[in-house]
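Read through the structure below, which is laid out as structure tokens, and then see the notes.
Position 1 is the first residue of the sequence; numbering continues from there. All ligand and atom numbering here is 1-based and tracks the order in the structure.
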Amino acid sequence: MNAIEPFIRDINDFPKPGIVFKDLTPLLNNPEATKVCLHQLLTLVGDQPIDKVVGMEARGFFFGLLIAQALDAGFIPVRKPGKLPHETISETYALEYGSDILEMHKDAIKPGDRVLIHDDVLATGGTAEAVCKLVERLGGVIVQCNFIMQLGFLNGKERLEPHTVSSVLTY
Ligand code: AMP
């Protein structure tokens, strides 16, 4: 068993019936487990040079900034509409019911920047796909889409092709 697995808590029927929510808070509450998780995420990146780490609101912020610091890269928050104060670009993506929008600052990425995209969980891949589009619209080169967990049965990895998808845990 991976050393961080005991710190991921399954919450049944959250936020709605039928969903098994992967709760990261026991991991965040344990400094040793947090260090191990960061180390494993960095191992996924290896020695590939990274200019920018993009993290998705909100659970992509926790490790996104830690990864960026460790790689000596900048951190870029991707946020829900209306939260970023400067000029933004946005992508609309489909949800099970309806759609949602994600935004990024227009000046966050320069053409040719080597970008690592990070979030806690890859499920259907809709969120990460929208973030890939934002990065590529600004001319960023996606080096890896990096997650703590991927829910393999939802096939998010295929949706993100041809980008490289890596995760510490796969369920
Ligand atoms: P998706 O766009 O379907 O890949 O969903 C990914 C986003 O939803 C991520 O930002 C996750 O934080 C969140 N998410 C989706 N499914 C779960 C789950 N079972 N447990 C925790 N977070 C989830």
Side-chain angles (χ1 to χ4, degrees), residues 1-30 33-34 36-38 40-41 44-45 52-68 75-84 88-105 108-109 115-137 140 142-171:
M1 189 198 267
N2 187 297
I4 69 162
E5 227 174 311
F7 297 92
I8 310 286
R9 180 165 60 186
D10 280 0
I11 308 285
N12 290 321
D13 300 316
F14 182 88
K16 52 186 180 184
I19 305 285
V20 180
F21 189 85
K22 296 290 184 188
D23 177 22
L24 203 62
T25 59
L27 178 72
L28 300 176
N29 200 357
N30 184 296
T34 297
V36 171
C37 184
L38 176 61
Q40 294 192 11
L41 288 165
L44 299 176
V45 187
K52 302 284 165 67
V53 177
V54 175
M56 285 83 122
E57 180 172 352
R59 291 183 297 277
F61 293 172
F62 300 136
F63 283 93
L65 182 61
L66 294 176
I67 295 168
F75 176 73
I76 301 169
V78 167
R79 299 211 60 185
K80 300 279 168 61
K83 300 286 186 186
L84 290 169
T88 58
I89 59 166
S90 64
E91 275 290 332
T92 303
Y93 62 105
L95 298 173
E96 196 179 350
Y97 301 104
S99 62
D100 217 338
I101 298 173
L102 287 174
E103 294 186 343
M104 182 190 285
H105 272 149
I109 289 173
V115 176
L116 180 75
I117 292 173
H118 171 78
D119 203 358
D120 64 335
V121 175
L122 173 66
T124 66
T127 307
E129 185 184 35
V131 175
C132 287
K133 286 182 184 165
L134 289 172
V135 169
E136 290 188 319
R137 277 170 59 193
I142 298 166
V143 176
Q144 182 181 93
C145 301
N146 167 296
F147 304 90
I148 300 171
M149 294 162 264
Q150 58 176 306
L151 308 180
F153 55 92
L154 292 175
N155 299 320
K157 190 171 181 168
E158 277 90 277
R159 189 157 173 183
L160 297 182
E161 280 172 0
H163 302 302
T164 305
V165 172
S166 302
S167 66
V168 171
L169 300 170
T170 300
Y171 292 100

Quick one: are [X] and [Y] in side-chain contact, heavy atoms under 4.5 Å?
X      : Y      : value
Tyr93  : Glu129 : no
Leu41  : Leu66  : no
Leu160 : Leu122 : yes

Using a 3.5 Å cut-off on N/O to N/O, what pairs does ligand 1 make with the protein? A line per pair would be great.
unit_1	atom_1	unit_2	atom_2	d
ligand 1	2 (O)	Gly126	N	3.4
ligand 1	2 (O)	Thr127	N	2.9
ligand 1	2 (O)	Thr127	OG1	2.6
ligand 1	3 (O)	Thr124	N	2.8
ligand 1	3 (O)	Thr124	OG1	2.6
ligand 1	4 (O)	Ala123	N	2.9
ligand 1	4 (O)	Thr124	N	3.0
ligand 1	4 (O)	Gly125	N	2.7
ligand 1	10 (O)	Asp119	OD2	2.7
ligand 1	12 (O)	Arg59	NH2	2.8
ligand 1	12 (O)	Asp120	OD1	2.7
ligand 1	19 (N)	Val20	O	2.9
ligand 1	20 (N)	Lys22	N	2.9
ligand 1	22 (N)	Arg59	NH2	3.4

Which value, rounded to the nearest 0.5 Å, describes the distance between [X] atom [atom1] and [Y] atom [atom2]?
X      : Y      : atom1 : atom2 : answer
Ile109 : Ile76  : CD1   : CD1   : 4.0 Å
Leu116 : Ser166 : CG    : OG    : 9.0 Å
Ile148 : Leu169 : CD1   : CG    : 8.5 Å

